[in-house]
Amino acid sequence: MSARKECVGMILAGGQGSRLGVLTRWRAKPAVPFGGKYRIIDFPLSNCTNSGIDVVGVLTQYEPFVLNSYIGNGAPWDLDTNTGGAYVLSPYTHMGDEGNWYLGTADAIFQNIRFIDRFDPKYVVILSGDHIYKMDYADMVAFHKRSGASATIAVMPVPIEEASRFGILATDENARITDFVEKPKNPPSNLASMGIYVFSWDVVRQYLIDDEANPDSTRDFGKDVIPAMLGANEPMYAYRFEGYWRDVGTIDSLWEANMDMLDGDSGLDMDDNSWKIYSRNPNLPAARIAAGSVLDECMVAEGCDISGEIRHSVLFQGVTVGEGAKVIDSVVMRGAVIEPGAVVERAVVAEDAHVEAGAKVGEPGAALCVLGSGCKVPAGSVVAPGESVEPDASIEVD
């Protein structure tokens with residue numbers, strides 16, 4: 001038995017992220033770069049550290065190599081302690097069992113019951129690995145305790161036209177949950193689950209065991225476990241979150257969240273020293289900005305070499321922008337090269353992509369272009385609005 005912990009964090013980080021297209025061809029969604037120097041997984045990991053949760057299981061599945069190597073021993077998030085740690089948890093088999101992939105969110109936690117039991121926690125915080133936000137989980141756990149809850153779900157209102165993408169709740173005047181429906185076609189309200197849960201471990205542990213024994217279950221918290229707990233009249237409460245939160249599950253939402261970093265009024269404050277977002281970063285020199293360069297409303301990370309024009313864009317580490325090149329309303333990831341005279345506008349450019357001299361990617365006010373990791377856009381060629389280029393590919397020139 002390991003040292004007992006009052007609370008253990010479990011981050012569901014195995015999602016394929018198919019709506020992110022070429023950006024997730026060879027990596028899980030939580031490993032997608034964000035904001036000039038981070039990856040999406042940095043946000044829940046940093047929230048755990050800042051909230052005093054020092055045992056964190058990261059449940060991986062789809063294309064896990066990039067994410068596993070990035071997390072390592074958890075040192076960048078101060079999770080490499082003797083009594084805590086970051087633990088990468090993949091599906092596995094044991095004696096007498098054929099084993100399965102994680103069949104759903106509830107099954108992922110069920111398969112790791114023995115891991116959680118090692119720490120004998122009172123509470124388990126279950127998190128998604130693909131949201132951009134800052135939250136003090138300690139406040140949510142304190143609310144859970146005061147309420148005498150078996151389960152607490154973080155909620156916030158969303159635009160009604162987007163509500164069908166979420167679990168939708170109804171509550172009474174005391175914030176006790178009276179109804180829950182997962183991704184309804186016709187949402188009865190816009191009070192949405194954020195996919196952030198606090199459970200009393202002794203209670204939810206039994207529901208997970210019962211769910212696994214149910215042949216009709218989809219092994220999902222929103223579709224199966226939460227409705228079962230609600231049907232059994234377990235005390236379940238909604239914790240209202242007020243702050244910046246974005247599900248970056250699409251190219252548009254990922255781009256918008258990056259652009260929010262340029263907006264001082266968006267609520268996404270990365271300069272707050274009281275709640276830092278930590279990450280694993282390379283040792284690179286300071287950015288070099290050549291004479292005659294133009295930088296307007298942009299973020300430029302270390303190691304960049306800029307000789308062109310950057311407007312309303314986020315540049316990751318080690319990006320090169322040649323003389324006379326333009327990068328406008330775009331996200332350009334680590335190691336990408338924009339050669340002299342090239343124009344990149346309203347685009348997401350993945351790591352090590354190469355836009356050769358005079359090429360044009362995207363147009364103002366049009367659908368976003370996406371360039372996959374390591375791809376090449378040949379000199380003088382055009383990537384039309386809304387077009388994606390596969391990783392390591394070279395587009396054909398007419």
Side-chain angles (χ1 to χ4, degrees), residues 8 10-19 28-29 57 59-62 64 89-117 121 123-130 144 149-155 158 162-171 176-189 191-238 247 249:
V8 167
M10 299 290 280
I11 302 176
L12 300 169
Q16 180 175 351
S18 58
R19 292 180 298 166
K29 182 164 59 170
L59 283 65
T60 63
Q61 180 159 276
Y62 171 79
L89 305 170
S90 299
Y92 65 92
T93 61
H94 56 80
M95 187 70 70
D97 182 15
E98 294 181 358
N100 283 308
W101 291 109
Y102 294 145
L103 302 178
T105 55
D107 182 60
I109 302 300
F110 171 82
Q111 288 199 39
N112 288 286
I113 281 179
R114 292 180 64 220
F115 166 79
I116 298 171
D117 282 345
Y123 311 106
V124 175
V125 179
I126 297 175
L127 310 164
S128 172
D130 51 16
H144 179 87
S150 293
T152 299
I153 302 175
V155 301
V158 298
E162 298 180 17
S164 61
R165 295 172 45 214
F166 300 93
I168 299 299
L169 299 85
T171 65
R176 182 161 178 163
I177 298 170
T178 58
D179 192 25
F180 181 95
V181 56
E182 181 73 358
K183 298 180 181 179
K185 290 183 178 180
N186 299 299
S189 77
L191 187 61
S193 165
M194 299 168 63
I196 300 168
Y197 312 118
V198 175
F199 289 104
S200 296
W201 178 236
D202 59 341
V203 176
V204 77
R205 187 183 190 279
Q206 187 59 52
Y207 278 93
L208 291 169
I209 293 170
D210 293 344
D211 184 71
E212 196 71 16
N214 178 4
D216 298 322
S217 172
T218 63
R219 309 289 187 260
D220 185 78
F221 275 106
K223 294 177 181 177
D224 304 290
V225 174
I226 290 172
M229 294 181 71
L230 195 62
N233 204 33
E234 294 284 355
M236 305 174 70
Y237 286 82
D247 179 348

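The structure presented is a predicted model; accordingly, all values stated were derived computationally and were not measured.
Taking the side chain to side chain donor-acceptor pair (under 3.5 Å) definition, one finds that T152 meets it with H144, sequence neighbours left out. Every residue two or more places apart in sequence or in another chain was checked for a salt bridge (Lys or Arg N to Asp or Glu O under 4.0 Å) with E182, and none qualifies. Applying the side-chain contact (heavy atoms from CB on, under 4.5 Å) test to P184 and every residue at least two apart in sequence or in another chain returns I168, V181, P187, P188. Residues passing the ring-ring contact (aromatic ring centres under 6.0 Å, His included) test with F115, sequence neighbours excluded: Y87, F119. Listed by chain and residue number, nothing satisfies the salt bridge (Lys or Arg N to Asp or Glu O under 4.0 Å) test with R176 (two or more places apart in sequence, or in another chain). A search for salt bridge (Lys or Arg N to Asp or Glu O under 4.0 Å) contacts involving D211 returns nothing, not counting sequence neighbours.
Here salt bridge (charged side-chain N to carboxylate O under 4.0 Å, His left out) pairs that include residues 194-209, with residues two or more places apart or in two chains, are D117-R205. For the salt bridge (charged side-chain N to carboxylate O under 4.0 Å, His left out) condition, the pairs that include at least one residue of residues 214-234, sequence neighbours left out, are E212-R219.
A ring pair (Phe, Tyr, Trp, His ring centres under 6.0 Å) with F221 is found for one member of Y207, F110, F199, F180 and no other, namely F199.
Listed here is the closest heavy atom pair of V158 and A163: CG2-CA, 4.0 Å. Taking each heavy atom of R19 and G249 in turn, the nearest pair found is CB-O, 3.2 Å. Nearest heavy atoms, I177 versus L230: O-CD1, 3.4 Å. Closest non-hydrogen pair, W101 versus P91, comes out as CE3-CG, 3.8 Å. Minimum interatomic distance between A28 and Y62 (heavy atoms only, all atoms of both residues): CB-O, 3.4 Å.
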**Request:** Kindly determine whether S200 and S150 satisfy side chain to side chain donor-acceptor pair (under 3.5 Å), including the steps that lead there.
**Result:** CA-CA 5 Å; S200 296; S150 293; 5.4 Å; no
**Request:** Kindly determine whether Q111 and L89 satisfy side chain to side chain contact (heavy atoms under 4.5 Å, CB included), including the steps that lead there.
**Result:** CA-CA 10 Å; Q111 288 199 39; L89 305 170; over 6 Å; no
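Within the 4.5 Å cutoff, the side chain of R165 has heavy atoms near those of the D247 side chain. Using a 4.5 Å heavy-atom cutoff, the side chains of V225 and T105 are not in contact.
Taking CD1 of I153 as the reference point, atom CD1 of I226 lies at 4.0 Å (rounded to 0.5 Å). Distance CD/Q206 to CD1/I113: 8.5 Å, rounded to 0.5 Å. Distance check: D210 CG to M229 CE gives 11.0 Å after rounding to the nearest 0.5 Å.
Formation of a donor-acceptor pair under 3.5 Å by the S189 side chain with backbone atoms of L169 is found in this model. Under the 3.5 Å distance criterion, the side-chain polar atoms of N112 are matched with a main-chain donor or acceptor of A108.
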Please tabulate, for side-chain N and O atoms in residues 123-130, each donor-acceptor pair with protein atoms closer than 3.5 Å (sequence neighbours left out).
from: S128; atom 1: OG; to: D130; atom 2: N; distance (Å): 3.4
from: S128; atom 1: OG; to: D130; atom 2: OD1; distance (Å): 2.3
from: D130; atom 1: OD2; to: K29; atom 2: NZ; distance (Å): 3.0

